[in-house]
Amino acid sequence: VRAGFEKRGKEVITFHTVGSGGEAMDELIRDEEVEVVVDLSLHELGDHLFGGDYDAGPARGLAALEKGVPTVLVPGNTDFLVTGPLALAKERYPGRRLHAHNAAISTVATGPEEMKAIAGRVAELCRRAKGPVSVLIPMGGFSAFDSPGGPLEAPETRRVFSETLRANLPAGIRCVESPAHINDPEFAASVLDAID
């Protein structure tokens, strides 16, 4: 996606969605003139709702939408919540599917009810939009962990997200399912098409 924008002569600023990254992005959008926002990783929403470690607060994602900046939303990484070391994650989330990202960070698979709540929050964000918004859903997988054979693969929770979002989106919001995985070049092309 970044390469596509750079070919068009655009300056791209990337934020890592680790709580402070989402807050910094929203702050920059409020304070500067931003032409477009591609919000590829919304897991900070789930971390806020369900006590994950990468919570960016209750206003995460509102800055661009309330300012009217054209925005593409993608439910990237909503298939997991972020927490600490694996031993701690097992205590905190017993019986859940877990993946050790590294020694300090583990991910916990998002359940269907959590996914419904995240989709509801995305719909709520869209209702606050003062400019054009598209939501693109990569039905082939929401993260590297949610890949065929991946540790958190969950096509059923992707379907829950899509169905819940579509049932709650306000009129006029473009919502497109893609068969691609979020990391596929075809999906990146669809993001650039949505911007166009």
Side-chain angles (χ1 to χ4, degrees), residues 13-84 88-89 92-93 96 98 101 104-138 142-143 145-146 152 154 157-158 160-175 182 191:
I13 302 171
T14 302
F15 295 87
H16 296 278
T17 51
V18 294
S20 59
E23 291 174 316
M25 180 182 77
D26 285 341
E27 183 179 333
L28 178 114
I29 291 165
R30 282 190 295 272
D31 295 346
E32 303 293 336
E33 289 304 313
V34 175
E35 191 174 338
V36 67
V37 170
V38 177
D39 209 339
L40 285 169
S41 179
L42 297 177
H43 78 89
E44 289 168 324
L45 301 179
D47 277 17
H48 175 71
L49 292 171
F50 302 108
D53 290 356
Y54 289 172
D55 179 355
R60 168 67 174 89
L62 281 173
L65 300 171
E66 290 185 335
K67 195 172 178 180
V69 177
T71 301
V72 173
L73 298 172
V74 177
N77 303 314
T78 57
D79 55 296
F80 60 82
L81 306 175
V82 177
T83 190
L88 215 87
R92 192 170 169 197
Y93 299 96
R96 299 280 294 267
L98 304 166
H101 180 59
I105 300 169
S106 300
T107 55
V108 181
T110 306
E113 293 305 311
E114 292 162 331
M115 192 59 88
K116 284 181 187 177
I118 294 167
R121 179 61 181 151
V122 173
E124 185 182 325
L125 290 171
C126 289
R127 281 192 284 281
R128 308 271 295 269
K130 295 180 179 171
V133 179
S134 289
V135 182
L136 302 182
I137 306 173
F142 285 7
S143 76
F145 307 137
D146 180 25
L152 301 180
T157 56
R158 289 178 233 144
V160 166
F161 178 89
S162 183
E163 289 172 358
T164 304
L165 180 70
R166 289 174 178 281
N168 291 285
L169 266 183
I173 302 294
R174 182 174 176 262
C175 181
I182 191 168
V191 170

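Position 1 is the first residue of the sequence, and the numbers go up from there.
Between R121 and E124, at least one side-chain N (NZ, or NE/NH1/NH2) sits under 4.0 Å from a carboxylate O, which counts as a salt bridge.
Around atom CZ of R96, more than 12 heavy atoms belonging to other residues, nucleotides or ligands sit under 6.0 Å away.
Considering every non-hydrogen atom in both V74 and P138, the closest pair reads CG1-CD, 4.0 Å. Here the shortest heavy-atom pairing between G111 and T157 reads C-CG2, 4.3 Å. Of all heavy-atom pairs between A56 and G19, the closest is CB-O, 3.3 Å. Scanning both residues, I137 and S162, for their nearest heavy atoms gives CD1-OG, 3.7 Å. Contact detail for C175 and L165: the closest heavy-atom pair is SG-CD2, 3.9 Å. Pairing each heavy atom of S41 with each of T17, the nearest pair is OG-OG1, 2.9 Å.
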Taking it one step at a time, do F50 and I118 satisfy side-chain contact (heavy atoms from CB on, under 4.5 Å)? CA-CA 10 Å; F50 302 108; I118 294 167; 4.3 Å; yes
Verdict with supporting geometry, C126 and V135, side-chain contact (heavy atoms from CB on, under 4.5 Å): CA-CA 9 Å; C126 289; V135 182; 4.0 Å; yes
May I have the step-by-step check of side-chain contact (heavy atoms from CB on, under 4.5 Å) for L98 and S106, ending in yes or no? CA-CA 7 Å; L98 304 166; S106 300; 5.6 Å; no
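For the pair F161 and V122, the minimum side-chain heavy-atom distance is below 4.5 Å. T78 is not listed as a side-chain neighbour of T110, based on a closest heavy-atom distance of 4.5 Å or more.
Considering CD1 of I29 and CD of E66, their distance stands at 11.5 Å, rounded to 0.5 Å. The NE2 atom of H101 sits 8.0 Å away from atom OG1 of T107, with the distance rounded to the nearest 0.5 Å. Summarising the geometry, atom CG belonging to L28 is positioned 5.0 Å from atom CD1 belonging to I13; distances are rounded to the nearest 0.5 Å. With values rounded to the nearest 0.5 angstrom, L152 atom CG is found 13.0 Å from F142 atom CZ.
Tested against Y54, the residues I105, N77, L81, T83 include a single side chain to side chain contact (heavy atoms under 4.5 Å, CB included) partner, I105. Here the options are L62, V133, T71, the test is side chain to side chain contact (heavy atoms under 4.5 Å, CB included), and the partner is L125; only L62 passes.
Sorted by first and then second residue, the salt bridge (charged side-chain N to carboxylate O under 4.0 Å, His left out) pairs with a member in residues 33-57 read K10-E35, D39-R60, E44-R60, D53-R92; sequence neighbours excluded.
Note: F80 and H43 have tilted aromatic rings, judged against thresholds of 30 and 60 degrees for the angle between ring planes.
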